[in-house]
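Comments concern the structure below.
Quick caveat: nothing in here was measured; it's all calculated off a predicted structure. Residue numbering restarts at 1 for every chain, and letters A, B, ... go by the order of the sequence lines.
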Number of protein chains: 2
Amino acid sequence: MPAPAILIVEDEPEIRRFLRASLAAEGYRVVEAAGGERGVIDAASHKPDMAIIDLGLPDLDGVEVIRRIRAWSPMPIVVLSARVQERAKIDALDAGADDYITKPFGVGELLARVRVALRHLARSAQGCAVLTLGGVRLDLTKRHASRGQDQIHLTPIEFKLLGCLARHLGLVVTHQHLLTEVWGPTHSSDTHYLRVYMRQLREKLEADPVRPKHLLTEIGVGYRLLADED
Amino acid sequence: MPAPAILIVEDEPEIRRFLRASLAAEGYRVVEAAGGERGVIDAASHKPDMAIIDLGLPDLDGVEVIRRIRAWSPMPIVVLSARVQERAKIDALDAGADDYITKPFGVGELLARVRVALRHLARSAQGCAVLTLGGVRLDLTKRHASRGQDQIHLTPIEFKLLGCLARHLGLVVTHQHLLTEVWGPTHSSDTHYLRVYMRQLREKLEADPVRPKHLLTEIGVGYRLLADED
DNA sequence: CCCTTTTTTTACGCCGTCTTAACGGCGGCG
DNA sequence: CGCCGCCGTTAAGACGGCGTAAAAAAAGGG
């Protein structure tokens, strides 16, 4: 799973840029659509992992956009809207939206609700979290790794590390981020833990542990996980 | 499926009655808990389909309630709160809540968000009742196990454990999940129970109990049940 | 009330995992 | 050239989780 792709359907350029910047800063890939018609098309063509949709669109009602996407896709949909009336919220949610945020909103809350949406996605699409590294098949949800028939045993910490890297596939994950995620904030500077475990993971996953092709070092910053291309 | 059961965790009796009435009017079954501790216990004992939790509880922080439930159950959790600060929302959502509604709220919106939560739930239900492990045939609904002609006797707790593992066939089930499901949330750290019963189950089900092929240990995490392939 | 089955409790030894420390290579920089 | 920071590599010891057995307590059934 590469970095999740999020579709933004929003007509006001200013808010669109703001959303794009906020999401991109978190490492998400972003697709933008300025109108409702465009949004439905982009949802179909780009196949994003989820969508953030403004209700107040000029060309096509937001609820209609939701219906058209829901007709063929169960992707998480978060609605943004200036309308605070209860009727609007109910209509949008019953049309198939998964969340409804009223403007003005905080970036932190938006990002938190995006994380919730992606969490739902991850659980409904079990097995979508399998990726291949060289000859190695890796299924994070099933906690299962194998090279052909032989299965590879990974310890709890090894799984946590791989999971953290896989959630930001292709992106650099800092030492501190990995350490706080796995060992807690108290060990956020014990980088030697990482050196030991990265070595072990390479031994188990890489064809040539000395010249890793998937578990890469970013000197002075952190590590990065690269999967095979299709 | 019968009418969905919803757990309400709310300390103020007035709001609690109001929620109960609103939900009951829609045909939902309702379970009430006046405090956080009580809420965690009722979540485990009544096994509701989802929970509505107030953050401002006197005895236990709402976020802590969420964490304890999330430790073993993926049930949808909707948070109600008077706190409008963004920090509170982010903390609750990241702790595992699926939605966050600020007071005062409209009944219509609450019900709409409940429908969203139940919609999510509906998409993650599965379970085949009869499965085979090696030479052993296992029927969870009939509570019946047999190896060829000889039938194998299993005790109530052994069935509960197997059922819990079978519902997540192929996936890891954590110690905590198994313990809260079978013994309740008060014994969520008595992992020695599991060791004893897994041993017994292996003795009864596995061809070679010392080298189990179906009832597998995930060290430091939990256990996993593997059925035969077709 | 007694016997059987089931559950809970306790104890112990083994083995995998984590932690910790030490050493060597590589590259940058003064 | 020598120092220093960062990383990889290895190995050994500490620690905790796990399996195993068996006895004590509780529950169930006649």
Query raised in the report: Counting only heavy atoms not in A:Gln176, do more than 12 fall under 6.0 Å of its CD?
Result: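 No, CD of A:Gln176 has 12 or fewer neighbouring heavy atoms, counting only those of other groups under 6.0 Å.
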Side-chain N,O ([X]) to OP1/OP2 ([N]) below 4.0 Å:
X        : N      : answer
A:His192 : C:dA22 : no
B:Trp183 : C:dT7  : no
A:Thr155 : C:dG16 : no
B:Tyr197 : C:dT9  : no
B:Arg202 : D:dG19 : yes
B:Thr217 : D:dG17 : no
A:Tyr193 : C:dT20 : yes

Requested in this report: May I ask you to decide if the ring planes of B:His120 and A:His120 are parallel, tilted or perpendicular, using 30° and 60° as cut-offs?
Outcome: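 Aromatic pair B:His120/A:His120 classed tilted.
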Report task. Report the relative orientation of the aromatic rings in B:His177 and B:Trp72; use parallel for angles under 30°, tilted for 30 to 60°, perpendicular for over 60°. Result ->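 Perpendicular, since the angle between the ring planes exceeds 60°.
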Query raised in the report: Should B:Glu10 and B:Arg17 count as an ion pair when the cut-off is N to O under 4.0 Å?
Result: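 Salt bridge flag = no for B:Arg17 with B:Glu10.
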Taking [atom1] from [X] and [atom2] from [N], how many angstroms apart are they, rounded to a whole number?
X        : N      : atom1 : atom2 : result
A:Leu161 : C:dT17 : CG    : P     : 15 Å
B:Gln200 : C:dT9  : CD    : C1'   : 13 Å
B:Met198 : C:dT7  : CE    : P     : 14 Å
A:Arg199 : D:dC6  : CZ    : C1'   : 17 Å
A:Glu158 : C:dC18 : CD    : P     : 7 Å
A:Leu179 : C:dT19 : CG    : P     : 11 Å
A:Lys204 : D:dT9  : NZ    : C1'   : 16 Å
B:Leu194 : C:dT8  : CG    : P     : 11 Å

Report task. Would you classify B:His175 as touching base, sugar-phosphate or nothing, given that sugar-phosphate means primed atoms plus P, OP1 and OP2, and contacts are heavy atoms under 4.0 Å? Result ->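 Sugar-phosphate only.
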Report task. Could you tell me whether A:Thr191 contacts a base, only the sugar-phosphate backbone, or nothing, with contacts defined as non-hydrogen atoms closer than 4.0 Å? Result ->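 The answer is nothing, as A:Thr191 stays clear of every strand by at least 4.0 Å.
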**Report entry** Pairwise 5' ranking along DNA chain C for A:Val196 and A:His153, keeping only the more 5' one
**Finding:**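 Here A:His153 is the residue nearer the 5' end.
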Query - Value rounded to 0.5 Å, distance of CG in B:Asp99 from CZ in A:Arg113 - result: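 The CZ atom of A:Arg113 is 5.0 Å from CG of B:Asp99, to the nearest 0.5 Å.
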Query raised in the report: Would you say the side chain of A:Arg195 and the base of D:dG8 hold a donor-acceptor pair, judged only by whether the two atoms sit under 3.5 Å apart?
Result: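 Between D:dG8 and A:Arg195, which were checked side chain against base, a qualifying N/O pair under 3.5 Å is present.
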**Report entry** Upstream residue (5' side of DNA chain D) when B:Val221 and B:Glu203 are each assigned their closest nucleotide
**Finding:**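 The residue whose closest nucleotide sits nearer the 5' end is B:Val221.
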